[in-house]
Novice: 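Questions regarding the structure given below will be posed in turn.
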Amino acid sequence: MQFNKKLKDIKTYEAGKPIELVVREFGIEAKDIVKLASNENPYGCSLKVQKAVTDIVANMALYPDDSMMKLKLALQKRFDIAEENLIIGNGSDQVIEFIMHAKAESNTKILINSVTFAMYEIYAKHVGAEVIRTVSQEHNLEEFYDLYKSEKPDIIFLCTPNNPTGDAIDVNNMMTFLEKVDNNTLVVVDGAYMEYAAFKDESKKIDPKELIKKFSNVIYLGTFSKAYGLGGMRVGYGISSALIIQELYKLRPPFNITTLSLEAACVALEDEIFVQKSIISCFSEMKRYEVFATKQKIDIIDSYTNFVTLCLQEHQNSTELANALLRKGMIVRDLSGYGMNALRVTVGTPEQNSRFFTLIEQLL
Ligand SMILES: *Cc1c(COP(=O)(O)O)cnc(C)c1O
């Protein structure tokens with residue numbers, strides 16, 4: 001059978017292995033498996049969310065409120081923005097998909113960082129756009145600017161903090177860069193881990209309102225999947241100029257967010273204490289990874305997220321290590337697919353991290 005030729009060399013996205021799969025493949029009991037592979041919140045989500053969702057479970061026959069008014073109002077209040085500046089997606093992933101279809105075509109180019117979130121490339125290929133990458137591992141905005149000048153991309157993605165490396169762009173540098181980009185180039189600022197970066201270092205903190213006030217060609221993305229602990233609920237959002245948001249709405253399928261997810265996200269936004277506590281624990285536990293890396297002579301990238309990237313020594317092989325850990329019930333992310341001999345490990349609870357250190361010390 002002939003298929004859409006644009007899809008020919010797409011490598012399907014490899015999600016962090018689910019616990020269920022490790023149970024099936026290795027016969028390890030679910031309670032003995034630790035998943036530190038997808039940057040989920042190891043503390044789960046707010047208990048208030050769990051209660052709110054339970055309360056509305058009986059009400060599943062009706063379609064969700066497609067206006068999403070309650071969640072929109074909550075996000076508008078959080079970011080001090082108008083409704084016309086906001087779109088909610090089934091994960092921020094879906095907003096990335098809308099952006100790609102709204103702006104890119106087969107003869108256009110997308111500019112991304114050398115190592116970054118894999119979905120940018122996959123969605124770009126859906127529409128047949130060409131992907132241009134920088135060379136530097138960390139976002140180098142001078143390099144971005146040179147490629148912007150020479151390649152004239154339709155869309156530029158800035159992932160800050162970046163996944164899977166954890167580094168973040170200095171906000172002043174970003175603003176200077178954005179001033180030099182013309183108004184017809186759409187710049188996506190993916191802030192999936194912004195709650196962590198903002199806590200660690202004020203100079204990395206992006207205020208979406210300020211961003212879109214200054215730049216009508218920029219869209220900011222946020223998600224409930226990481227700090228809010230709602231990866232299973234699939235809720236993300238885009239904040240941009242009314243013109244861009246209107247265009248994205250043309251691509252939105254009806255009822256793209258379920259009733260349960262809408263409620264969960266609303267309640268999660270209210271419980272700031274839960275999020276703050278999770279972030280504080282994350283950075284306090286991250287210190288243990290830094291100590292571990294120093295002791296093992298492994299490079300660790302300074303992280304503004306809830307994960308660490310361990311760049312292994314030459315004689316250590318990230319794929320072999322990740323597989324050996326998997327057989328012991330520890331799921332982490334091998335970055336060999338990104339061209340790095342490195343492991344990306346989500347900072348877990350103190351017990352989960354201790355388990356990781358014990359297991360990997362046996363293997364190294
Ligand atoms: C996790 C992640 C997302 C998307 O998450 P959703 O679950 O789809 O909201 C987007 N960008 C980056 C960089 C991420 O790490």
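Atom set for the values below is all heavy atoms of this structure, side chains included, hydrogens, waters and symmetry mates excluded.
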Novice: Is the closest side-chain heavy-atom distance between Lys6 and Lys125 below 4.5 Å?
Specialist: no
Novice: Salt bridge check: are Glu121 and Arg133 linked by an N-O gap of less than 4.0 Å?
Specialist: yes
Novice: Search all heavy atoms of Arg288 against all heavy atoms of Glu285 and return the closest pair with its distance.
Specialist: NH1-OE1, 2.8 Å
Novice: Does Asn217 reach the main-chain N or O of Asp182 with its side chain, forming a donor-acceptor pair under 3.5 Å?
Specialist: yes
Novice: Is Thr358 reaching over with its side chain to a backbone N or O of Ser354, donor-acceptor style, under 3.5 angstrom?
Specialist: yes
Novice: Answer with yes or no whether the side chains of Ser281 and Ser278 bring together a donor and an acceptor at under 3.5 Å.
Specialist: no
Novice: Looking at Lys328 and Leu359, what are the two nearest heavy atoms and their distance?
Specialist: CD-CD2, 3.6 Å
Novice: Assign the ring pair Phe283 / Tyr196 to parallel, tilted or perpendicular, where the plane angle (0 to 90°) is split at 30° and 60°.
Specialist: perpendicular
Novice: In terms of the angle between their ring planes, are His139 and Phe144 parallel, tilted or perpendicular, with boundaries placed at 30° and 60°?
Specialist: parallel
Novice: Using 30° and 60° as the class limits, which term best fits the ring planes of Tyr120 and Phe157: parallel, tilted or perpendicular?
Specialist: parallel
Novice: Measure the acute angle between the ring planes of Tyr13 and Phe117, then classify it against the limits of 30° and 60° as parallel, tilted or perpendicular.
Specialist: perpendicular
Novice: Quick one, Leu326 with Phe26, criterion side chain to side chain contact (heavy atoms under 4.5 Å, CB included). Give me CA distance, side-chain angles, the key distance, then yes/no.
Specialist: CA-CA 9 Å; Leu326 197 58; Phe26 300 99; 3.7 Å; yes
Novice: Checking Lys180 against Tyr145: charged group under 6.0 Å from the ring centre and within 45 degrees of the axis?
Specialist: yes
Novice: Taking the side chain as every heavy atom from C-beta outward, state whether Asp334 and Ser318 have any pair of such atoms under 4.5 Å apart.
Specialist: yes
Novice: For Gln316 and Ile298, what are the C-alpha separation, side-chain angles and deciding distance, and is it a side chain to side chain contact (heavy atoms under 4.5 Å, CB included)?
Specialist: CA-CA 10 Å; Gln316 300 162 331; Ile298 289 172; 4.1 Å; yes
Novice: Report yes or no: does Asp154 contribute a side-chain atom to a donor-acceptor pair with the main-chain N or O of Leu111 at less than 3.5 Å?
Specialist: no
Novice: Are Glu195 and Lys205 ion-paired here, with the side-chain N under 4.0 Å from a carboxylate O?
Specialist: no
Novice: At their closest point, which heavy atom of Ile244 faces which heavy atom of Ser216, and how far apart are they?
Specialist: CD1-O, 3.3 Å
Novice: Taking a hydrophobic cluster as the set of Ile, Leu, Val, Met, Phe, Trp and Tyr residues connected by side-chain heavy atoms closer than 4.5 Å, whether directly or through intermediates, do Ile219 and Ile212 fall within one such cluster?
Specialist: no
Novice: Working to the nearest 0.5 angstrom, can you tell me the gap between Asp271 CG and Gln276 CD?
Specialist: 10.5 Å
Novice: Examine Tyr220 and Ile96 and state if one hydrophobic cluster contains both, with Ile, Leu, Val, Met, Phe, Trp and Tyr joined whenever side-chain heavy atoms are less than 4.5 Å apart.
Specialist: no
Novice: Should we say atom CD of Gln362 is surrounded by more than 12 heavy atoms from elsewhere, each under 6.0 Å from it?
Specialist: yes
Novice: Can you check side chain to side chain contact (heavy atoms under 4.5 Å, CB included) on Leu47 and Phe274, steps first, answer last?
Specialist: CA-CA 9 Å; Leu47 289 174; Phe274 170 81; over 6 Å; no
Novice: As an exercise, state the distance from OH of Tyr249 to CD of Glu84, rounded to the nearest 0.5 Å.
Specialist: 11.5 Å
Novice: Which heavy atom in Leu310 sits nearest to a heavy atom in Val345, and how many Å separate them?
Specialist: CD1-CG2, 4.1 Å
Novice: Ignoring hydrogens and geometry, is there a side-chain-to-backbone donor-acceptor pair from Glu143 to Ser136 under 3.5 Å?
Specialist: yes
Novice: Determine whether Leu7 and His126 make a side-chain contact, defined as any pair of heavy atoms from C-beta on separated by less than 4.5 Å.
Specialist: yes
Novice: Flag this pair as yes if the NZ/CZ of Lys200 is under 6.0 angstrom from the six-membered ring centre of Tyr304 and inside a 45 degree cone about the axis; otherwise no.
Specialist: yes
Novice: For the hydrophobic clusters of this structure (ILVMFWY residues joined by side-chain heavy atoms under 4.5 Å, transitively), does one cluster hold both Ile156 and Val171?
Specialist: yes
Novice: Determine, using the 4.5 Å side-chain heavy-atom cutoff (strictly less than), whether Leu158 and Ile301 are members of one ILVMFWY cluster.
Specialist: no
Novice: Is there a donor in the side chain of Lys213 and an acceptor in the side chain of Asn85, or the other way round, less than 3.5 Å apart?
Specialist: no
Novice: Look at the side chain of Asn113 and the backbone N and O of Thr116, then say whether any donor-acceptor pair between them is shorter than 3.5 Å.
Specialist: no
Novice: Tell me whether Thr160 contacts the main-chain N or O of Asn162 through its side chain, where contact means a donor paired with an acceptor under 3.5 Å.
Specialist: no
Novice: Flag this pair as yes if the NZ/CZ of Arg344 is under 6.0 angstrom from the six-membered ring centre of Phe307 and inside a 45 degree cone about the axis; otherwise no.
Specialist: yes
Novice: Any non-hydrogen side-chain atom of Pro161 less than 4.5 Å from a side-chain atom of Lys204?
Specialist: no
Novice: Is a side-chain N or O of Gln313 found less than 3.5 angstrom from the main chain of Gln296, in a donor-acceptor match?
Specialist: yes
Novice: Where do Met68 and Leu262 land on the side chain to side chain contact (heavy atoms under 4.5 Å, CB included) test, with the steps shown first?
Specialist: CA-CA 7 Å; Met68 308 186 198; Leu262 288 169; 3.9 Å; yes
Novice: Salt bridge check: are Glu263 and Lys70 linked by an N-O gap of less than 4.0 Å?
Specialist: yes
Novice: Does Lys297 reach the main-chain N or O of Thr294 with its side chain, forming a donor-acceptor pair under 3.5 Å?
Specialist: no
Novice: Picking from Thr309, Leu343, Val115, Thr165, what satisfies side-chain contact (heavy atoms from CB on, under 4.5 Å) with Leu335?
Specialist: Thr309
Novice: Going only through I, L, V, M, F, W and Y residues with side-chain contacts under 4.5 Å, is there a path from Ile206 to Val218?
Specialist: yes
Novice: Can a donor-acceptor pair be found, under 3.5 Å and without considering hydrogens, that links the side chain of Arg234 to the backbone of Asn256?
Specialist: no
Novice: Salt bridge check, Asp66 against Arg252: does any charged N sit closer than 4.0 Å to a carboxylate O?
Specialist: yes
Novice: Heavy atoms only: give me the nearest Tyr63-Thr259 pair and the separation to one decimal.
Specialist: C-OG1, 4.3 Å
Novice: Pick out which of Asn39, Asn353, Thr305, Asn306 makes a side-chain hydrogen bond (donor to acceptor under 3.5 Å, both in side chains) with Thr346.
Specialist: Asn39
Novice: Tell me the closest heavy-atom pair linking Val308 and Met286, and the distance in Å.
Specialist: CG1-CG, 3.6 Å
Novice: Judged by atom type as modelled, is there a donor-acceptor pair below 3.5 Å linking the side chain of Gln352 to the main-chain atoms of Gly348?
Specialist: no
Novice: Going by an N to O cut-off under 4.0 Å, is there a salt bridge joining Glu40 and Lys35?
Specialist: yes
